[in-house]
Protein chains: 2
Amino acid sequence: MSEANEAARRRPLYQQVHDRLVALIASGEWGPGQPIPPEAEIARRFRVAPGTARAAVSALVSEKLVVRRHGRGTFVYEYTPEDEAARFLRLVDSNRKPINPVGRMDRPTRGVANQTECRELALAEASRVFRIKRLRERNGTPFALERISLPEALFPGLGERDKLRDARYELYQSLYRVLVVEVEDRLCAVAADSTAARELKIAVGTPLIRIERVAFGLGAKPVEWRVSLCHLTDARYVAQLK
Amino acid sequence: MSEANEAARRRPLYQQVHDRLVALIASGEWGPGQPIPPEAEIARRFRVAPGTARAAVSALVSEKLVVRRHGRGTFVYEYTPEDEAARFLRLVDSNRKPINPVGRMDRPTRGVANQTECRELALAEASRVFRIKRLRERNGTPFALERISLPEALFPGLGERDKLRDARYELYQSLYRVLVVEVEDRLCAVAADSTAARELKIAVGTPLIRIERVAFGLGAKPVEWRVSLCHLTDARYVAQLK
DNA sequence: CAGTGGTCTAGACCACGTG
DNA sequence: ACGTGGTCTAGACCACTGC
């Protein structure tokens with residue numbers, strides 16, 4: 001028995017099917033919003049029992065790579081601004097309503113990744129990145145100052161775009177086939193320095209929340225690094241833990 | 001057909017079994033750390049197929065009410081200081097190691113719930129609460145100032161205890177059969193006032209993270225309300241989102 | 001109506017931990 | 001060797017959606 005067969009034998013069938021389905025989605029064979037084949041056909045195609053095919057699809061569902069719609073089919077997950085906000089936006093106002101600040105965004109600039117970017121984005125030294133600066137507003141008041149870094153290798157030609165949508169993950173998926181599946185936020189409190197104070201129109205020394213976020217794609221590959229300085233006032237950063 | 005039968009018929013069998021298992025755990029019939037019956041016996045007892053019994057238990061697993069141990073059995077979830085920290089402690093140091101500050105804790109005081117406590121703990125007006133103050137340290141340095149509020153009704157006799165463990169959720173479960181299944185944190189940045197500055201031995205105005213946490217028990221009942229003021233220095237509050 | 005996912009059954013055999 | 005959970009099979013019927 002070959003080693004490959006040994007490994008295949010040890011890995012449960014439904015996980016093997018799952019892995020091949022992930023590969024088909026990652027390759028773009030089935031694009032965002034498109035239906036994947038019915039479970040019965042997946043079972044036939046991979047020569048497994050219906051229950052096994054279903055277990056494989058269930059794993060995709062729990063990873064949010066696909067969405068089941070009773071009576072209609074199973075569809076590759078597609079970002080919309082709404083569920084992107086519901087899934088990853090953790091800022092709420094005093095009435096617990098999600099707040100989605102909008103704002104102007106600078107054209108991306110190209111540069112060589114610094115040490116932090118290399119570490120957080122797992123890049124080789126001297127890799128190139130795009131950087132974007134955003135000033136986000138809420139009710140006409142400056143709310144957050146953001147710096148976003150993206151590996152150039154994943155987002156070719158981003159520098160030529162001058163219309164960048166506010167919902168970034170939707171953009172990454174639809175234009176670059178980069179699917180954000182997980183993010184990690186790290187928070188601390190800082191005092192506003194002179195730059196932040198000027199941009200956010202507040203006094204130097206005002207306490208701000210600093211949010212560092214790494215967004216991960218398929219295979220836990222980091223795809224975006226972001227630092228936000230937020231003047232929350234009545235807003236809060238909310239995290240639910242189970 | 002009666003309405004009750006209508007409802008029972010609509011609710012899937014495995015969910016009905018699940019609900020009855022939850023009731024048995026909530027009632028204390030099966031205590032923390034104790035094994036629940038094997039899936040085959042659950043199937044016999046509730047007159048369902050093994051697969052249905054298994055689906056019911058799987059729901060308990062995903063709610064973290066029980067833990068499966070291959071070859072041994074399925075056990076009612078039991079808090080240990082370790083997994084309590086891993087599950088709900090979101091503070092890490094600059095090396096991404098979890099930090100678990102320890103500290104002295106005042107004897108609980110009894111009082112009438114204020115407006116905030118009534119709202120956050122869903123208490124009737126004039127309900128009584130216990131309040132605990134903690135000063136937590138890290139490497140011998142003051143780190144966080146905490147105020148904890150608990151409904152007296154859920155924790156009878158808490159005021160007489162003078163040895164309160166650091167791992168609170170473990171204590172709630174083992175002594176009061178109150179199982180914390182979910183928490184919600186709300187964060188903002190504040191400047192240290194004179195009290196906080198004195199206790200934390202920092203300058204007035206130092207930016208602090210303020211964490212408000214509500215802990216929920218079975219049935220989404222709020223069981224603990226807490227406010228922490230943290231002087232993080234190199235530490236960070238971390239949240240993973242999927 | 002046909003086609004999809006959702007539930008349920010009734011087994012079989014494997015993998016793991018304990019005695 | 002035994003009992004547990006983990007995987008897998010091969011169906012059946014129900015519930016929902018769209019034609």
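Keep in mind it's a predicted model, so treat the numbers as computed, not measured. Only this structure's heavy atoms are used, side chains among them; waters, hydrogens and symmetry mates stay out. So you know, we letter chains A, B, ... as the sequences are listed, proteins then strands, and number each from 1.
Relative to the ring axis of B:Tyr79, B:Arg177 does not place its NZ or CZ within 45° and under 6.0 Å from the centre.
A:Arg72 has no side-chain polar atom (N or O) that falls below the 4.0 Å cut-off from OP1 or OP2 of C:dG5. The shortest distance between the side-chain N/O atoms of A:Arg54 and the OP1/OP2 oxygens of C:dG6 is below 4.0 Å. Look at A:Tyr14 and you won't find any side-chain N or O under 4.0 angstrom from OP1 or OP2 of D:dC8. B:Thr52 has no side-chain polar atom (N or O) that falls below the 4.0 Å cut-off from OP1 or OP2 of C:dC8.
Of the candidates D:dG5, D:dT7, C:dC8, the closest approach to any side-chain atom of B:Pro12 belongs to C:dC8. Among the nucleotides C:dT9, D:dG5, D:dT9, the one closest to the side chain of B:Arg68 is D:dG5. Closest to the B:Thr74 side chain, of the nucleotides C:dT9, D:dG5, D:dC16, is D:dG5.
B:Phe46 has its CZ atom 17 Å from the C1' atom of C:dC8, to the nearest Å. Atom P of nucleotide D:dT4 and atom CZ of B:Phe75 are separated by 11 Å, given to the nearest angstrom. Regarding A:His70, its NE2 atom lies at a distance of 5 Å from the C1' atom of C:dG5, rounded to whole Å. To the nearest angstrom, C1' of C:dG5 lies 15 Å from CG of A:Leu60.
Residue A:Val48 is classed as a sugar-phosphate contact, given heavy-atom separations below 4.0 Å to backbone atoms only.
Both A:Arg69 and A:Pro50 lie near DNA chain D, and the one whose nearest nucleotide falls closer to the 5' end is A:Pro50. DNA chain C is contacted by both B:Arg47 and A:Gly71; A:Gly71 maps to the nucleotide lying nearer its 5′ end (nearest heavy atom per residue).
Applying the side-chain hydrogen bond (donor to acceptor under 3.5 Å, both in side chains) definition to pairs two or more places apart or across chains, those involving residues 42-52 of chain A are A:Glu41-A:Arg45.
The only option from A:Arg226, A:Arg213, A:Arg186 that meets the salt bridge (charged side-chain N to carboxylate O under 4.0 Å, His left out) definition with A:Glu120 turns out to be A:Arg186. Here the rule is side chain to side chain donor-acceptor pair (under 3.5 Å) with A:Arg168, and of A:Glu224, A:Gln173, A:Glu84 only A:Glu224 fits it. With A:Ile42 as the partner, the side-chain contact (heavy atoms from CB on, under 4.5 Å) test is satisfied by one option alone out of A:Thr74, A:Val48, A:Val17: A:Val17. Paired with A:Arg136 under the rule side-chain contact (heavy atoms from CB on, under 4.5 Å), one option of A:Ile99, A:Val102, A:Asn100 passes, and it is A:Asn100.
A heavy atom lying under 4.0 Å from DNA chain D marks none of the residues of residues 24-43 of chain A.
When side chains are defined from C-beta on, A:Asp83 does not count as touching A:Glu78, because their heavy atoms never get closer than 4.5 Å.
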